[in-house]
Amino acid sequence: MQEFDTPVLDNHLHLDPDHGRGVEAVKDFARSGGTHLLVVNKPSWLLGHEVETGADFRPVFETTIDVVRGASELLDGRAWPVLGVHPGLVSKLVDDRGFDPEDAHDLMCAGLDTAAEFVRAGDALALKSGRPHYDVTDAVWEASNDVLKHGLELAADCDCALQLHTESTTDLSDVASWADERGLPRERVVKHYAQGHLVGGTPSVMSDRDRLEVAAERGDPFLMETDFIDDPDRPGAVMGPKTVPRRVDWMLEEGYDAAVRNAHVETPALVYDIDTEATLDR
């Protein structure tokens, strides 16, 4: 079993206890030297829930909270849930179920309201929202941005971070300005699936070597992630749960010790107000 003299955090992955590997994936992460996880709920429709109201998201979130509880028992550190509404739901509602964009907006905002209840109760660490990363109509784009703005407002109210699933970009200045307007610190706007740098928030960098080299050399706050999707029908999609520990091993070999501390100690404290060292039990 690999061990490092540092916490090792995967900032964004999914665990599906019913259809995927669930805690078995956590065991792979832990055996590879991983210590901390931020587990994001899978999209509601992938867990078999056809939502009609904000309350219909509750079992989606409870599934994630339950698997996080099991994950924490296997880690030298711990896991935290990140809860929210995947921005791709807007297309499921509009294209597949005949919602107009305004009604889709209202339902997605209601789902975020439910997620915020868990954050306020101390049962989740952060929220998740975003906007489509693919072409949509102007009406759907506007509705999606309004959902994102609601997420920013909730994050400010809950005093927590907001993870974002967005288009591929290194500039989220527009979102950062919306965060400013709502009193949410920019560093708490976290772009999931990010490249090695970002204007307008904190990048959660996909853990390939090229992107990590950029982040390490720049020295700005950043996080590391795999976006492991825990879907047995897509076994090669995105990155596996062993990836972040393996990349940490590589970064330390390359002399990027400061960058490892940045991504796994300093930035988690800055963004989420968590202490990955104090929660490490070895």
field: Pairing residues for R246 by the side-chain contact (heavy atoms from CB on, under 4.5 Å) criterion, not counting sequence neighbours
entry: K242
message: Taking salt bridge (charged side-chain N to carboxylate O under 4.0 Å, His left out) as the criterion, tell me which of D273, D180, D159 meets it with R188.
response: D159
message: Under 3.5 Å, is there a donor on one side chain and an acceptor on the other for Y256 and N262?
response: no
Using only atom types and a distance under 3.5 Å, with no angle test, would you say the side chain of [X] pairs donor to acceptor with the backbone of [Y]?
X    : Y    : result
S72  : R69  : no
T170 : H197 : no
T276 : H264 : yes
R247 : S207 : yes
D123 : F118 : no

Which heavy atom in [X] sits nearest to a heavy atom in [Y], and how many Å separate them?
X    : Y    : value
D275 : A278 : OD1-N, 2.9 Å
P245 : G34  : CG-N, 3.6 Å
G84  : L112 : CA-CD2, 4.1 Å
L127 : A116 : CD2-N, 3.7 Å
V90  : P132 : CG1-CG, 4.0 Å
V205 : A215 : CG2-CB, 4.2 Å

Hydrophobic clustering (ILVMFWY, side-chain heavy atoms < 4.5 Å, transitive) - are [Y] and [X] grouped together?
X    : Y    : result
W141 : L148 : yes
L125 : F222 : no
L280 : L9   : no
V244 : W80  : no
V39  : V8   : no

- request: Any chance you could lay out the side chain to side chain contact (heavy atoms under 4.5 Å, CB included) test for E52 and R97, step after step, and finish with the verdict?
  value: CA-CA 11 Å; E52 302 282 352; R97 294 175 57 188; 3.0 Å; yes
Would you call [X] and [Y] a salt bridge, taking side-chain N to carboxylate O under 4.0 Å as the test?
X    : Y    : answer
D157 : R120 : yes
E117 : R58  : yes
K42  : D18  : no

task: Check the surroundings of atom CG in D135: do more than 12 heavy atoms from other residues, nucleotides or ligands lie under 6.0 Å from it?
output: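 For D135, atom CG is not crowded (no more than 12 foreign heavy atoms under 6.0 Å).
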field: Heavy-atom neighbours of Q195 CD exceed 12 at 6.0 Å
entry: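 Correct, the count exceeds 12.
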task: Measure the shortest side-chain to side-chain distance between V271 and P221 over non-hydrogen atoms and say whether it is less than 4.5 angstrom.
output: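 No - every pair of side-chain heavy atoms lies 4.5 Å or more apart.
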task: Please examine the side chains of N145 and W178, heavy atoms only from C-beta on, and report whether any two atoms are closer than 4.5 Å.
output: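 In contact.
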Can you measure from [atom1] ([X]) to [atom2] ([Y]) and round to the nearest 0.5 angstrom?
X    : Y    : atom1 : atom2 : result
L74  : D28  : CG    : CG    : 11.0 Å
D249 : Q2   : CG    : CD    : 5.0 Å
D10  : F228 : CG    : CZ    : 10.0 Å
N41  : H86  : CG    : NE2   : 9.5 Å
L47  : T64  : CG    : OG1   : 6.5 Å
L15  : E24  : CG    : CD    : 11.0 Å

- prompt: Parallel, tilted or perpendicular for H14 and H12, by the 30°/60° rule?
  reply: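 Perpendicular, since the angle between the ring planes exceeds 60°.
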- prompt: Going through the distances and angles, do L37 and L75 end up as a side chain to side chain contact (heavy atoms under 4.5 Å, CB included)?
  reply: CA-CA 9 Å; L37 293 171; L75 296 170; 4.1 Å; yes
query: Could you go step by step and tell me if T114 and L83 meet the side chain to side chain contact (heavy atoms under 4.5 Å, CB included) rule?
result: CA-CA 9 Å; T114 300; L83 305 180; over 6 Å; no
query: Looking at R131, H192, K191, which one forms a side chain to side chain donor-acceptor pair (under 3.5 Å) with T166?
result: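 Of the listed options, the one satisfying the test is K191.
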message: If you apply the rule side chain to side chain contact (heavy atoms under 4.5 Å, CB included), what do you find for N11 with T267, and how did you get there?
response: CA-CA 11 Å; N11 180 66; T267 303; over 6 Å; no
field: Residues that H150 engages under ring pair (Phe, Tyr, Trp, His ring centres under 6.0 Å), provided they are two or more places apart
entry: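 Result, ring pair (Phe, Tyr, Trp, His ring centres under 6.0 Å) vs H150: none returned.
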field: Set of salt bridge (charged side-chain N to carboxylate O under 4.0 Å, His left out) partners for R261, sequence neighbours left out
entry: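 Expected list: E266, E277.
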